K.L.:
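This is the structure I have questions about; it appears just below.
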Amino acid sequence: MTQADVSASGDSRVAHDGRREDDGCPILHVDMDAFYASCELRSRPELRGKPVIVGGEGSRGVVTAATYEARKYGVHSAMPMSRAKRLCPQLVVLPPDFELYTAVSAGVMAVFRDITPLVEPLSLDEAFLDVSGSIRRLGPPAVIAEQIRARVHDEQGITCTVGVASTKFVAKLASTQAKPDGLLVVPADRVVAFLHPLPVGALWGVGEKTEEQLTRLGLRTVGDIAHTPVDTLVRALGPAAGQHLAALAWGRDPRGVEVPEGEKSISNEETFPRDVDDPEVIHRELLRLSEKVASRLRRAGVAGRTVSIKVRFADFSTITRSRTLRSHTDVGREVYSTARDLYDALGLQRARLRLVGVKVEGLVEAADATRQMLFDEPELGWREAEQAVDRAEARFGRGSVRPARLVPGPEEPDDHGGFGGIQPTAPRPGRG
Ligand SMILES: [Mg+2]
């Protein structure tokens with residue numbers, strides 16, 4: 001896919017009144033197409049276009065993945081191998097290679113996390129992404145979706161399908177409809193029209209048993225559920241399921257993208273070329289890492305509340321220390337002042353260090369944190385200065401603007417206009 005394709009598909013989503021169909025649709029559901037089988041075909045191009053499955057051989061083997069060519073014969077995953085072979089005698093059967101699938105999955109997830117840290121993996125080959133914070137940097141959601149599709153194809157050699165919507169469950173339904181190798185946007189104002197013709201089984205949480213109960217009530221489509229009184233649904237299915245389905249049938253899904261614990265962080269670390277015991281050198285490195293981390297936070301449109309440092313000694317023993325701030329930040333100077341305090345509090349004197357690292361976690365969308373940040377006047381000045389650096393770097397390249405003096409004390413005013421002559425309005429990085 002070329003860059004021209006990407007921008008063309010982006011432009012085609014602009015309506016006459018200038019509104020885009022993906023306005024208000026920051027949730028992406030990305031799903032690899034026939035994942036295991038596609039991974040196998042990367043190294044076996046001669047099998048492309050043929051009915052191929054991945055599965056266990058032997059009398060009790062089942063199909064784990066089937067290419068779309070195999071699906072045309074009625075073959076699908078979880079089907080007994082013997083039946084699959086009867087349906088399609090020329091079927092090519094490959095044994096599973098889970099190490100390969102895990103490696104490709106890691107590459108795919110890395111593409112997602114490069115777009116936004118708000119990634120909720122559902123399995124090896126699918127995830128929800130919230131791209132709200134990436135729109136300014138990368139473009140509208142449908143354009144981001146095309147970028148993801150192009151990158152997954154170019155970097156991993158497989159195709160994927162993306163659903164773009166205002167909520168998670170509609171995004172997932174959209175990708176299901178657009179498979180394979182597709183992209184479908186469900187505009188926020190067309191969610192109800194999209195949902196109501198679908199069979200009840202399409203709704204999240206409706207399994208076989210619930211589907212039976214709904215059929216007994218004469219409800220076959222999502223629209224039927226929507227137009228049934230909630231009381232009736234609650235009597236038939238219980239309060240939780242009844243209310244849940246009534247809400248989904250009108251497109252209401254309050255669940256946000258949930259990043260698994262332990263992944264909500266952005267960090268950078270640096271191993272020194274040789275062990276270092278000079279606190280000034282370590283302060284300077286902490287400043288550089290803090291600015292790098294903060295710049296990544298701003299690029300991702302997120303802010304974090306907990307700052308931690310990692311210190312590895314010459315003998316490889318490692319310690320971490322963290323502190324939670326009063327409010328979220330994406331400001332390098334604030335990250336640094338905390339990181340430096342944490343380091344100084346260790347009282348290491350002249351211990352020899354191999355590595356230091358800075359991490360910010362407890363991430364939220366920056367938009368949610370901004371209002372709070374505005375009350376913190378001292379940070380506001382640094383934030384504006386660092387945003388100016390972001391803009392300069394976007395134009396002239398990374399590292400083109402560096403602090404004139406790398407390590408000002410945290411309390412002393414930086415009267416040199418530290419950031420390449422850009423004078424912050426309130427030159428005190430303290431947290432008040
Ligand atoms: Mg899949």
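Everything numeric here is computed off the predicted structure, so don't read it as measured data. Numbering of ligands and ligand atoms starts at 1, following listing order.
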K.L.:
Return yes when at least one N/O/S atom of Asp31 is nearer than 2.8 Å to the Mg ion (ligand 1), and no when none is.
P.N.:
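Here the distance criterion (N, O or S atom, under 2.8 Å) is met by Asp31, so yes.
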K.L.:
Calculate, to the nearest 0.5 Å, the distance between atoms CG and CG belonging to Leu94 and Leu91 respectively.
P.N.:
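So the gap between those two atoms works out to 9.5 Å.
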K.L.:
Please check: side-chain N/O of Asp275 versus main-chain N/O of Ala314, any donor-acceptor pairing under 3.5 Å?
P.N.:
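Absent.
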K.L.:
If I take every N, O or S atom of Ser123, is at least one of them less than 2.8 Å from the Mg ion (ligand 1)?
P.N.:
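Looking at Ser123, which is the residue asked about, there is no N, O or S atom under 2.8 Å from the Mg ion (ligand 1).
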K.L.:
Please state whether the separation between the Mg ion (ligand 1) and some N/O/S atom of Asp125 is under 2.8 Å?
P.N.:
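It does; at least one qualifying atom falls short of 2.8 Å.
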K.L.:
Indicate yes or no for a side-chain donor-acceptor contact from Arg149 to the backbone of Val30 under 3.5 Å, with no hydrogens or angles considered.
P.N.:
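Pair absent, no side-chain N/O of Arg149 close to backbone of Val30.
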K.L.:
Cation-pi between Arg340 and Tyr343: NZ/CZ under 6.0 Å from ring centre and within 45° of the ring axis?
P.N.:
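That pair does not qualify as a cation-pi contact.
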